[in-house]
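For the numbers below, each heavy atom of this structure counts, side chains included, while hydrogens, waters and symmetry mates do not.
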Amino acid sequence: MKMYPELGALLLRVVLGFTFFLHGLSKFQGGIGNTSGFFESMGIPGFIAYIVASIELVGGIAVIAGIGTRMISLLFVVIMAGALFVVNLSEGFLGGYELDLILLVIALYFVLNGSSWFSLDSKLSISKNQDINNSIN
C-alpha cells in the first residue's frame, strides 16, 4: 500500500489555514470592537483581539500558501491554547473545547513537521539553494 504523507499534510495545511482565515475574517466582519469587548469580559486586554484576529486572517492565508508555516502554526498553537484554557475548558469536551484541541494539535503537527508540498517556502528554498550552489561553482 502506497502512503501519501505529503498529500495528507497538504490537505491538513489548507484546511487549517482556511479555518483560521475564516475565524479571523469573522472577527473583523462581526465588529472587532465586539470581539475586543468579549476578550475584556474574559479578563484579557482588548487589544489582544486585534492581534489574534490579524494573526488568524493573515496567518491563515500564509499557511494555505505555505509561507512561514512552522512559525505561524506556533502562533496558532498559542492562540488555541489560550482559547482552550481561558475560554472553553470549563464547558467540557463536547460542545466546548474539542475544536480548539483539534486545531491546536493540527497546528502543533506543522510546528514539528512543516509541510513542503505545494508550498511557497519550498519553492523559495529551492531557488535560494540553487543560487548558493551556482555562486559556489
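- Of all the heavy atoms in Trp117 and Leu10, the pair that sits closest is O-CD1, 3.7 Å.
- With rounding to the nearest 0.5 angstrom, the CZ atom of Phe93 is 10.0 Å from the CG atom of Leu99.
- Closest non-hydrogen pair, Glu56 versus Lys27, comes out as OE1-NZ, 2.9 Å.
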Side-chain donor/acceptor pairs under 3.5 Å, residues 62-85, sequence neighbours excluded:
residue : atom : partner : partner atom : Å
Arg70   : NH2  : Asn113  : O            : 2.9
Ser73   : OG   : Thr69   : O            : 2.7

Can Phe39 and Val52 be said to form a side-chain contact (heavy atoms from CB on, under 4.5 Å), step by step?
CA-CA 10 Å; Phe39 275 49; Val52 168; 4.1 Å; yes
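- Note that CZ of Phe18 and CD1 of Ile61 are 11.0 Å apart. Values are rounded to the nearest 0.5 Å.
- Residues Ile44 and Tyr50 are members of separate hydrophobic clusters, defined by side-chain heavy-atom contacts under 4.5 angstrom among Ile, Leu, Val, Met, Phe, Trp and Tyr.
- Glu6 places no side-chain N or O within donor-acceptor distance of the main-chain N or O of Tyr4, the cut-off being under 3.5 Å.
- Linking ILVMFWY side-chain heavy atoms closer than 4.5 Å, directly or via other members, places Leu103 and Leu22 in two distinct hydrophobic clusters.
- When every heavy atom of Arg13 is checked against every heavy atom of Ser119, the shortest pair comes out as NH1-CB, 3.7 Å.
- Hydrophobic clustering (side-chain heavy atoms under 4.5 Å, transitive across Ile, Leu, Val, Met, Phe, Trp, Tyr) groups Val111 together with Ile102.
- Once rounded to the nearest 0.5 Å, the distance linking OG of Ser54 with CZ of Phe28 reads 3.5 Å.
- Residues Ile32 and Ala53 come closest through the heavy atom pair CD1-CB, 3.7 Å.
- To the nearest 0.5 Å, the span separating CD1 on Ile48 from CD1 on Ile51 amounts to 4.5 Å.
- Following chains of ILVMFWY side-chain contacts shorter than 4.5 Å, one can reach Ile55 starting from Leu16, so the two form part of one hydrophobic cluster.
- Put simply, the side chain of Thr19 gets close to the backbone of Val15: a donor and an acceptor are under 3.5 Å apart.
- The cluster map of Ile, Leu, Val, Met, Phe, Trp and Tyr, joined by side-chain heavy atoms under 4.5 Å apart, puts Tyr97 and Val105 in the same cluster.
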